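What follows is a single structure, written as structure tokens, with notes after it.
All of these numbers come straight from a predicted model, not from anything done at the bench. Every heavy atom of this structure was used, including side-chain atoms; hydrogens, water molecules and symmetry mates were not. Just so it is clear: chains get the letters A, B, ... in the order the sequence lines come, proteins before strands, and each one is counted from 1.
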2 protein chains.
Amino acid sequence: MTQTRVERKERTRRAILDAALELCEDSSLVALSLRQVAKEVGIVPTGFYRHFDSIESLGLSLVDESFASLRALLRDVRRDQGSTTDIVDGSVSILVDHVHRQRSHFAFIARERTAGQPAVREAIRHEIELCERELATDLARLPGTTDWSPEDLRILSGLIVSAMVAVAEEILAAAQRPEAEKQIVEKARTQLRMVLVGALNWRSRT
Amino acid sequence: MTQTRVERKERTRRAILDAALELCEDSSLVALSLRQVAKEVGIVPTGFYRHFDSIESLGLSLVDESFASLRALLRDVRRDQGSTTDIVDGSVSILVDHVHRQRSHFAFIARERTAGQPAVREAIRHEIELCERELATDLARLPGTTDWSPEDLRILSGLIVSAMVAVAEEILAAAQRPEAEKQIVEKARTQLRMVLVGALNWRSRT
DNA sequence: CGATTCAGTGAACGCGCGTACACCGAAACT
DNA sequence: AGTTTCGGTGTACGCGCGTTCACTGAATCG
């Protein structure tokens, strides 16, 4: 026996998820058909139902998967803070690296964030808000923010997240154009530095 | 004669554009069918072809329309600079006002920017780049940026545009929740002020 | 006023869609 | 060894889709 039954099933499930991620890359999950996915995977359309109730429930699984990638990015950025590298250079490099490695996950989030079904949109919005909160607590540990109000920390965090979401989207749009990506990365670093200069000179109202 | 022929045609064309904007609000243009639009307008499906070649070319027209709204926003912001109002307060108020008045146009841009067909995406990406250029030339006229490099002006412009695009998206998501919107507006103003503090303390590398 | 233009009509087409259902055969269980 | 489970198959259905084509009738033109 080369493969157990659960192994086979899991393999097919993975193939479905991967095929769906790839196929909806040029449009959106709402424009994806069950039959397209089945054909790409190499199973008959009805076989799809052995793994998911519908395209929508497949989408919810993709949301979970993609958020796992996003959290891995945050974890790596946080772990890097202790190192000797420059915070800006290191963080941007990690961002770029993760976007490359989990390209389809980040593209999925970027797309469904605005184009997905309302439930998916709301879930993503909420997760991004959690990211802002996490980043805010990290920022509180930075020198120069000791007398900041919690609100201002959250606001600064939101600013940084907005800018980095935009950077991730630009990197995705610049696929296979290394010279364009290099410019984007340089821009991202400069933007982060501008924001940090603003932060260092900021005084929260008391 | 109550109506000339070109008037009738233009009226139907408008009805098609409006119906398409409304119908794709819950998903995306790629999930929109010619027949849905025709039914909503009250014409037979084939009548659609008297006005557009395809849904895609309809989408490109919507891009044009929507960016007319966005440029109107930029124009109003620019005109407001001369007034006595605070730049940040005034600009954000104008942004909010325009997003409310042309809600469906801004929602269209936000959605199709990431989820549209490649041609539509590319058209939007290009238009936003033009907006960044415009803003960069405006920033060059501000006091304190006289010795900035052109690259840094563009980068700052990109940062502001990213943040304001995010704000517009949040306002759209907070529809019918005035208290949430008030928070978003306050956040936007603070973010803009943080960025300006950063800009005032920035020195371009020579 | 007769000829022409053209926005909108309506029937017909082939296709891909989601889904129902009966079926198969090998792995898993007892 | 006999039975059950279940991932995957194949057929068939009705529906909505984009697109074709020949048409109508009122506004426009010469």
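The CG atom of B:Leu32 sits 14 Å away from the C1' atom of D:dG16 (whole-angstrom rounding). Counting to the nearest Å, the P atom of D:dT19 and the CD1 atom of B:Ile55 are 9 Å from each other. One can place CZ of A:Arg50 at 10 Å from C1' of D:dT5, the figure rounded to the nearest angstrom. Distance, A:Arg5 CZ to C:dA26 P: 12 Å, rounded to whole Å. If you measure from atom CZ of A:Arg35 to atom P of D:dC17, you get 17 Å, rounded to the nearest angstrom.
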Between B:Arg189 and B:Ser93, is a side-chain hydrogen bond (donor to acceptor under 3.5 Å, both in side chains) present by the stated rule, with each step listed? CA-CA 9 Å; B:Arg189 289 181 168 144; B:Ser93 294; 2.7 Å; yes

Determine, step by step, whether A:Glu127 and A:Val63 satisfy the side-chain contact (heavy atoms from CB on, under 4.5 Å) criterion, reporting the C-alpha distance in whole Å, the side-chain angles of both residues, the deciding distance to 0.1 Å, and the verdict. CA-CA 10 Å; A:Glu127 283 286 337; A:Val63 171; over 6 Å; no

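When distances run from any side-chain atom of A:Thr4 to the nucleotides C:dA12, C:dA28, C:dG18, the shortest one goes to C:dA28.
You'll find the side chain of A:Glu56 stays beyond 4.5 Å of the side chain of A:Val120, heavy atoms only. Residues A:Arg14 and A:His51 have side chains not in contact (no heavy-atom distance under 4.5 Å, counting atoms from C-beta outward).
Near DNA chain C, defined here as any heavy-atom distance below 4.0 Å, the residues from residues 9-23 of chain B are B:Lys9, B:Thr12, listed numerically. Non-hydrogen atoms lying under 4.0 Å from DNA chain D are contributed by B:Gln36, B:Thr46, B:Tyr49, all within residues 36-49 of chain B.
For B:Arg13, there are no salt bridge (charged side-chain N to carboxylate O under 4.0 Å, His left out) partners two or more places apart in sequence or in a different chain.
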